[in-house]
Protein chains: 4
Amino acid sequence: MRIGVLTSGGDCPGLNAVIRSVVHRAVADHGDTVVGIEDGFLGLIEGRSRPLALDDVHGILTRGGTVLGSARVARERMRDGVSRAAELAANLGIDALIAIGGEGTLTAAQLFSDAGLPVVAVPKTIDNDIDATDVTFGHDTAVHVATEAIDRLKTTAESHQRVMVVELMGRHTGWITLHAGMAGGAHGILIPERPFDVEEVCRMVEERFARGKKFAIVAVAEGAHPLPGTMRFAHGETDAFGHQTFGGIGTRLAGEVAQWLGKESKPVILGHVQRGGTPTALDRVLATRFGWHAVEAVHKGAYGHMTALRGTEIRLVPIVDAVTRLKTVPEDRWIEAEAVL
Amino acid sequence: MRIGVLTSGGDCPGLNAVIRSVVHRAVADHGDTVVGIEDGFLGLIEGRSRPLALDDVHGILTRGGTVLGSARVARERMRDGVSRAAELAANLGIDALIAIGGEGTLTAAQLFSDAGLPVVAVPKTIDNDIDATDVTFGHDTAVHVATEAIDRLKTTAESHQRVMVVELMGRHTGWITLHAGMAGGAHGILIPERPFDVEEVCRMVEERFARGKKFAIVAVAEGAHPLPGTMRFAHGETDAFGHQTFGGIGTRLAGEVAQWLGKESKPVILGHVQRGGTPTALDRVLATRFGWHAVEAVHKGAYGHMTALRGTEIRLVPIVDAVTRLKTVPEDRWIEAEAVL
Amino acid sequence: MRIGVLTSGGDCPGLNAVIRSVVHRAVADHGDTVVGIEDGFLGLIEGRSRPLALDDVHGILTRGGTVLGSARVARERMRDGVSRAAELAANLGIDALIAIGGEGTLTAAQLFSDAGLPVVAVPKTIDNDIDATDVTFGHDTAVHVATEAIDRLKTTAESHQRVMVVELMGRHTGWITLHAGMAGGAHGILIPERPFDVEEVCRMVEERFARGKKFAIVAVAEGAHPLPGTMRFAHGETDAFGHQTFGGIGTRLAGEVAQWLGKESKPVILGHVQRGGTPTALDRVLATRFGWHAVEAVHKGAYGHMTALRGTEIRLVPIVDAVTRLKTVPEDRWIEAEAVL
Amino acid sequence: MRIGVLTSGGDCPGLNAVIRSVVHRAVADHGDTVVGIEDGFLGLIEGRSRPLALDDVHGILTRGGTVLGSARVARERMRDGVSRAAELAANLGIDALIAIGGEGTLTAAQLFSDAGLPVVAVPKTIDNDIDATDVTFGHDTAVHVATEAIDRLKTTAESHQRVMVVELMGRHTGWITLHAGMAGGAHGILIPERPFDVEEVCRMVEERFARGKKFAIVAVAEGAHPLPGTMRFAHGETDAFGHQTFGGIGTRLAGEVAQWLGKESKPVILGHVQRGGTPTALDRVLATRFGWHAVEAVHKGAYGHMTALRGTEIRLVPIVDAVTRLKTVPEDRWIEAEAVL
C-alpha cells in the first residue's frame with residue numbers, strides 16, 4: 001500500500017516518534033510505501049509531499065517538533081479540500097492517510113474519510129482534552145516540564161518568603177495544571193473547570209503565612225477564570241507595588257495576591273516551553289505504539305477510527321467518539337487533588 | 001482512627017509521596033492520627049514508630065527513598081510477628097495499617113490482615129511486575145533514568161562506531177528494558193520472558209554494520225538469559241580483547257559481541273541509579289492518588305485490598321489478585337516493540 | 001572560634017552548599033562553633049540565630065534556596081545596625097561573620113567589617129555581575145535552566161514556523177542571556193550593554209524567513225532596552241493580532257516582531273525558575289570551595305576580603321575590588337557570540 | 001582560505017559545537033571554505049572529506065558525538081601519514097587544519113604541523129587532564145552526568161541503609177571523581193593520584209554506621225588503585241555474599257566493603273554514559289568560543305598552537321605546553337575536598 005502521513009495542529013512532543021514508528025511498521029514489516037505530507041492539511045491540499053524511507057526517520061525519535069511541519073489552513077480552503085478528497089489522494093498517489101493531530105485534526109480527518117480519502121487518526125494533545133483515550137502522548141512531557149519548573153520555584157519561594165504564581169497551558173481544561181500542581185506540591189490549583197474566588201486564593205495564602213509557612217506556590221491554568229466581581233483590579237490598573245496588572249491570568253493574579261498581602265508576588269509564564277523539546281520516555285513509548293497500531297488499522301481498513309489507550313491496551317475507536325465532547329477534569333479528580341493542597 | 005503506615009522492600013521512587021498523601025488525607029481531612037512505623041515490618045514487630053503530623057511530611061514529595069526506612073526481616077521472625085498480629089497492633093495503638101511495598105509486602109500484608117491486623121496495601125515496584133494494576137509508581141522513573149542513559153549512549157556509539165550493551169534492572173520481567181529500549185530506540189531488546197540466541201544478537205549487529213550503520217545499542221534485562229549453548233565463552237574466559245567475560249549478562253554479552261565482530265564492545269551497568277532519586281511527575285501523581293485511596297479504603301473497612309490503577313481510575317482490588325501471578329511482558333507487546341528495533 | 005554565617009539578597013542556587021561547607025570545615029576540622037543567623041542582616045540586627053552542627057547541614061548540599069532564610073532590611077535600620085556592629089556581634093557571641101550575598105551584601109559586609117564586626121564575604125550572583133571573581137556560584141545554574149528552555153523552544157519553533165522571544169534574567173548585565181543564547185543557539189541575543197534597534201531585530205528575523213529558515217529564537221535580557229524611537233507601539237497599544245503589547249521587554253518585543261512579520265510571535269518569561277532549585281554540579285563544587293576558603297580566611301584574619309575564583313584557584317580579594325564596578329559583558333565576548341547568531 | 005577540520009580520539013560532548021562554530025566563523029565571517037575530514041586522522045590519510053557549509057552544521061550544537069566521526073589509526077600508518085603531511089594537505093586542497101582532540105591528537109597535531117601541514121589544535125577531554133588550559137569542554141558534562149547518578153543513589157542508599165560504590169571515568173586522573181564526588185556529597189573519593197588503603201575505606205564506612213548514618217556513597221575513579229596488600233580478595237575470589245569479586249575497581253571494592261561490614265554493597269559502573277549525549281550549557285559555550293578562536297588562530301598563522309581557557313579568556317598556547325605533562329589533581333584540591341567527605 002501507499003500510505004500518506006501528516007501532522008497537524010500545535011506542537012506536541014512525540015509527533016516524530018509516531019512518524020518513525022509508522023515508517024518502520026509500514027515499510028519494514030508490511031512492505032508499504034510511506035509518503036510524508038508537508039505542513040499538515042495544507043500540504044495535502046497543495047500536493048506537497050516527499051517519500052519517507054527508513055533512513056529518513058533515523059534519529060528523529062527523541063526530537064521535539066515534527067519533521068513534516070504543520071501549518072494552519074483557512075476554513076474555506078479546508079472545505080474546498082474536503083470536497084476534492086479523492087482527487088487529492090489520487091494526486092499524491094496514496095491509498096490511505098494517517099493523520100496525527102488534535103481535536104481539529106480529528107474532525108477534519110473524519111470529513112476527509114467520509115469524502116473518500118480513507119483516514120486513520122492518531123490523537124495528539126498536550127492538554128489531555130481528547131475523549132475516548134485515557135491519555136495521549138505529549139501530555140506527560142508538558143506535565144514533566146511544568147513540574148520541574150515548580151520544583152525550582154518551590155525552594156526559592158520558601159527561603160525567600162515569596163508567593164509565586166505559575167501560569168500553565170490549558171485554555172479549556174485544567175489537566176496540565178492539575179497534574180503538575182499535584183506533582184509539584186502546589187498550594188493552589190486553579191483550573192478552567194472551576195471558576196475561582198480571588199479572595200479565597202488570597203486568604204489561603206494569608207493563612208499559610210499566619211501558620212508560619214511563609215511562602216506559597218499557586219498553579220493556574222491560562223484558561224482559569226475568576227468568579228465575577230472577585231478581582232480587585234481592572235485590566236491595566238496599578239497594584240500596591242506600582243506594577244500594572246495586565247496580561248494573562250497568572251500576571252493579574254500575582255498582582256491581586258500582592259495587593260492583598262502587601263507583599264510582592266511573582267508570576268512565571270512558562271508558555272511554549274511546555275510543548276517543545278524531547279518527549280519523556282512514556283510519551284515516546286505511547287507515540288511509538290500508536291504509530292504501530294495506526295498502520296495496522298490501515299491494513300484492516302478501519303477508516304474513520306483513531307488509536308486510543310485504554311488501560312494498557314491500544315484500541316481503535318471511532319473518531320466521532322473523541323470529538324463530541326471535551327475531556328475535562330471531573331469532580332472526583334479534583335477532590336483527590338484538594339487533599340494535598 | 002489511628003492508622004499505621006509502613007514501607008517495605010527495595011527502594012522505589014514515590015514512597016514518600018504516598019506517605020505524605022496518607023498523612024494529608026487522614027490527618028487534615030478525616031482527623032485521624034497517623035503513626036509512622038520504622039523500617040517496615042521489622043519496626044512493626046519491634047514496636048518502633050513515631051507520630052506523623054502534617055509538618056513531618058513537609059518537603060518529602062519530591063524526595064527519593066522513604067523517610068520511614070525499610071529493612072529485611074528473617075522469615076521466621078516474620079512468621080512469629082504474624083502470629084502476634086493483633087498484639088502488635090495493640091502495642092502500637094493502631095486500628096489499621098497501610099502497608100506500601102512489592103510482592104513480598106503484599107503477601108505479608110494479606111497474612112497480617114487475616115491474622116487480625118486490618119491492612120490496606122499500596123503496591124510499589126519499579127519492575128511493573130505486579131498484576132491487577134495497570135502500573136504502579138516507580139516504574140516510570142526507572143524507565144526515565146534508563147532512557148536518559150540510552151539517549152546519551154546513542155550519540156557516542158554512533159559517532160565512534162561502537163556497540164554498547166546496557167544492562168537494566170529486571171530479574172524476572174522485562175518491562176523496564178522493553179520500555180526504555182523502545183523509548184531510547186535500542187536495536188536489541190533482551191528480556192527474561194524471551195531467552196535469546198547470542199549468535200542472533202551478534203548477527204543483527206553485524207548486519208547493521210554491513211548496512212553502514214556502524215553502531216548498535218543493545219538493552220538487556222539483568223534477568224535475561226541466553227539459549228543454552230549459544231554463548232561462546234564460559235564464565236571467566238578471556239575474549240578477543242584480553243578481557244575476561246565475567247559478571248552479569250550485560251558484561252558477558254558485550255564480550256560475546258566483541259568476539260564475534262572483532263570490535264570492542266562496552267557494557268554499561270546502570271544498577272541502583274534506576275531505583276533512587278526524585279520521582280517523575282507521573283509517579284508523584286500516581287503515588288499521591290494511591291495514598292488518598294488507601295486512606296479511603298481504611299475508612300471503608302476494605303481490608304485485604306490494595307489500590308490499583310485501571311485506566312484512569314483508582315480501584316480497590318483484593319490483594320490476592322495481585323500476588324498469584326507475576327505480570328510479565330506479553331507476546332503482543334513484544335511484537336509491537338520488534339517493529340522499531 | 002565562634003563564627004556566624006548569614007545569607008542575604010535574592011535567591012541563588014548554591015547558598016546551602018556554602019553553608020554546609022563552612023560548617024564542615026569550621027566544626028569538623030577547626031573545632032569552631034558555627035552560628036547560623038536567620039534572614040540575613042535582619043536576623044543579625046534582631047539577634048536571631050541558631051547553632052549549626054554537622055547534623056544541621058545534612059542533606060542540604062543539593063537543595064536550592066537557603067536554610068537560613070533571607071530578608072530585606074530597610075536602609076535606615078541597616079545603618080543603625082552598622083553603628084552597633086560590635087554590640088550585635090557580642091549579643092550573638094560571635095568572633096567573626098561569614099556573609100554570603102550579592103553586591104549589596106558585599107557593601108554591607110565592608111561596612112560592618114569597618115565598624116568592628118570582622119567579616120569575610122562570599123560573593124553570590126546568578127547574574128555574574130560581580131567583579132574581581134571570574135564567576136560565582138548560581139550563574140551556571142541559571143544558564144543551565146535558561147538553555148534547557150531554549151532547547152525546548154527551538155524544536156517547536158522550527159516545526160511550527162514560529163518566532164519565540166525568551167526573556168531571561170539580567171537587569172543590568174547580559175551574562176545569562178549571552179551564555180544561554182550561545183548555548184541554545186539563539187538567533188538574536190539582546191543585552192543591557194548594547195541597546196538594540198527593534199527594526200534590525202525584525203529584519204534579521206525576516207531575512208531568516210526569506211532564506212527559508214522559517215523560525216527564530218530571540219533571547220532578550222529583562223534589562224535590555226531598545227534604541228529610542230525604534231519601537232512602533234507605545235506601552236499598552238494593540239498589535240496586529242489584537243494583543244496589547246504590555247509588560248516586560250520580552251512581551252513587547254514579541255508584539256513588535258509579530259506586527260513586522262504579520263505573524264504571531266510568542267514571548268516566554270522564565271522568571272524565577274532561573275534562580276531556584278538544585279544547583280548544577282559546577283555550582284555545588286564552587287560553592288563548597290568558597291565555603292572552605294571563607295573559613296580559612298577567618299582563621300587567617302583576612303577580614304574585609306571575599307573569596308574569588310581566578311582561573312582554577314580560589315583567592316582572597318579585598319571586598320572593595322568587587323563592588324566598585326559592575327562586571328558587564330565586554331566587547332570581545334560580544335563579538336565572539338555574534339559569529340554564531 | 002580552505003580550512004580542514006577533524007575530530008579525533010574518544011567521544012566528548014561539545015565536539016559538534018566546535019565544528020559548528022568553526023564553520024560559522026570561517027564561512028560567514030571570513031569567507032573561508034571549510035572541509036570536514038571524516039574519521040579523524042584516518043580520513044586525513046585516506047583523503048576522505050566533505051565540504052561543510054552553514055547548512056551542514058544546522059542543529060548540531062546540542063548533539064553529542066561528532067558528525068565527522070572518529071576512528072583509530074595504527075601507529076605505523078600515522079607515522080607514514082605524518083611523513084606525507086604536505087601531500088595529504090594538497091590532496092584535500094586545504095591550507096590549514098583545525099584538529100580537535102585529546103592528548104594523542106595534540107601530539108599528532110604537532111607532528112603534522114612540524115611536517116608541513118599547518119595545524120591549530122582544540123583540546124578536548126572529559127578527564128580534564130590536559131595541561132595549559134584551565135579546563136576544556138566535555139568535562140563539565142561528564143561531571144554533570146556522574147553527579148546526577150550520585151544524587152539518585154544517595155536517597156536510595158540512605159533509606160535502605162546501603163553502601164554504594166560508584167565507579168567513574170578517569171584512568172590516570174581523578175578530576176571527574178573529585179568534582180562529582182564533591183558535588184554529590186560522596187563520603188569517600190578515591191582517585192588515581194592517591195593510592196588508597198582498602199581497610200581505611202572500610203573503616204570509614206563502618207564508623208558512619210556506628211554514628212547512626214547507616215549508608216555511604218564511595219566514588220572511585222576507574223584508575224584508582226589500592227595500596228598493595230590492603231585488598232583481602234584476589235581477583236575472582238568469592239566474598240561473604242557468594243559473589244565473586246571481579247572486574248573493575250568499583251566492583252571489587254564493593255566486594256571488599258561487603259565482606260568487612262557483613263552487609264551487601266552495590267557497585268554502579270556508569271561507563272560511557274559520562275561521555276555521550278548533549279553537552280551542558282557551559283561546555284557548549286566553551287566549545288563555541290574555542291571554535292571561534294581556532295579560526296582566528298589559523299588566520300593569524302599561529303600554527304602549532306591550541307586554544308586554552310585561562311580564567312575567563314581564551315588564549316593561544318603552544319601545543320607542546322599541553323602535552324608534556326598530564327594535569328593531575330594537586331594536593332590542595334584534595335585537601336579542600338576532604339573537608340566535606
Side-chain angles (χ1 to χ4, degrees), chain C residues 17 20-21 23-26 28-29 55 58-62 134-135 140 142-148 150-151 154-155 158 178-185 213 278-285 288-289 291-293 295-296 309-314 330 332-333 335-341, chain D residues 17 20-21 23-26 28-29 55 58-62 134-135 140 142-148 150-151 154-155 158 178-185 213 278-285 288-289 291-293 295-296 309-314 330 332-333 335-341:
Chain C
R20 168 179 174 269
S21 178
V23 172
H24 272 268
R25 182 61 178 167
D29 295 355
D55 270 353
H58 174 72
I60 70 171
L61 168 63
T62 62
D134 284 356
V135 72
D140 187 58
V143 172
H144 168 79
V145 171
T147 301
E148 281 199 339
I150 296 177
D151 280 356
K154 220 171 176 183
T155 53
E158 186 165 6
L178 178 83
H179 286 150
M182 285 178 82
K213 307 257 179 225
T278 195
T280 58
L282 183 136
D283 279 340
R284 295 184 199 173
V285 170
T288 299
R289 296 182 71 193
W292 194 97
H293 285 272
V295 172
E296 294 309 290
L309 181 71
R310 293 283 177 86
T312 60
E313 303 294 312
I314 311 295
D332 59 337
R333 290 301 309 273
I335 290 169
E336 284 172 21
E338 225 177 1
V340 283
L341 289 181
Chain D
R20 169 179 175 269
S21 177
V23 172
H24 272 268
R25 181 63 175 165
D29 295 355
D55 269 353
H58 173 72
I60 71 172
L61 168 64
T62 63
D134 285 357
V135 73
D140 188 57
V143 171
H144 168 80
V145 171
T147 302
E148 281 198 340
I150 297 178
D151 281 356
K154 221 170 176 182
T155 52
E158 184 164 8
L178 178 83
H179 286 150
M182 286 179 81
K213 306 256 179 226
T278 194
T280 58
L282 183 135
D283 279 342
R284 296 185 199 172
V285 171
T288 298
R289 297 182 70 194
W292 194 96
H293 284 272
V295 172
E296 294 309 288
L309 180 72
R310 295 281 177 87
T312 60
E313 302 294 313
I314 311 295
D332 59 336
R333 289 301 310 273
I335 290 169
E336 283 173 20
E338 225 177 359
V340 281
L341 289 181

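Here is the naming used below: chain letters follow the sequence lines, and residue numbers restart at 1 for every chain.
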Between [options], which residue shows the highest count of heavy-atom pairs closer than 4.5 Å to chain D?
options	answer
Asp140(C), Thr62(C), Asp151(C), Asp29(C)	Asp151(C)
Arg289(C), Glu158(C), His58(C)	Arg289(C)
Glu338(C), His179(C), Arg310(C)	His179(C)

Considering residues at least two apart in sequence or located in another chain, which fulfil the side-chain hydrogen bond (donor to acceptor under 3.5 Å, both in side chains) criterion with Thr155(C)? none
Asp55(C)/Lys213(D) salt bridge by N-O under 4.0 Å criterion: yes
Let me know if [X] has heavy atoms under 4.5 Å from chain C in its side chain, its backbone, both or neither.
X	result
Glu313(D)	side chain
Asp134(D)	both
Ile150(D)	neither
Ser21(D)	both

Work out which heavy atom in [X] is nearest to a heavy atom in [Y]; give both atom names and the distance.
X	Y	result
Arg25(C)	Ala339(D)	CD-CB, 4.0 Å
Gly184(C)	Thr147(C)	N-CG2, 4.1 Å
Leu178(C)	Ala337(C)	CD1-CB, 3.6 Å

Checking the side chain of Arg284(D) only, and the main-chain atoms of Ala183(C) only, is there a donor and an acceptor separated by less than 3.5 Å? yes
For chain C, which of Ile335(D), Ile314(D), Val23(D), Asp332(D) has the most heavy-atom pairs under 4.5 Å? Ile335(D)
Which one, Val143(D), Leu61(D), Thr312(D), Val340(D), leads in non-hydrogen pairs under 4.5 Å with chain C? Val340(D)
Which residues share a salt bridge (charged side-chain N to carboxylate O under 4.0 Å, His left out) with Asp283(D), sequence neighbours left out: none
Using non-hydrogen atoms and a 4.5 Å limit, figure out which bit of Thr280(C) sits close to chain D: side chain, backbone, both or neither. neither
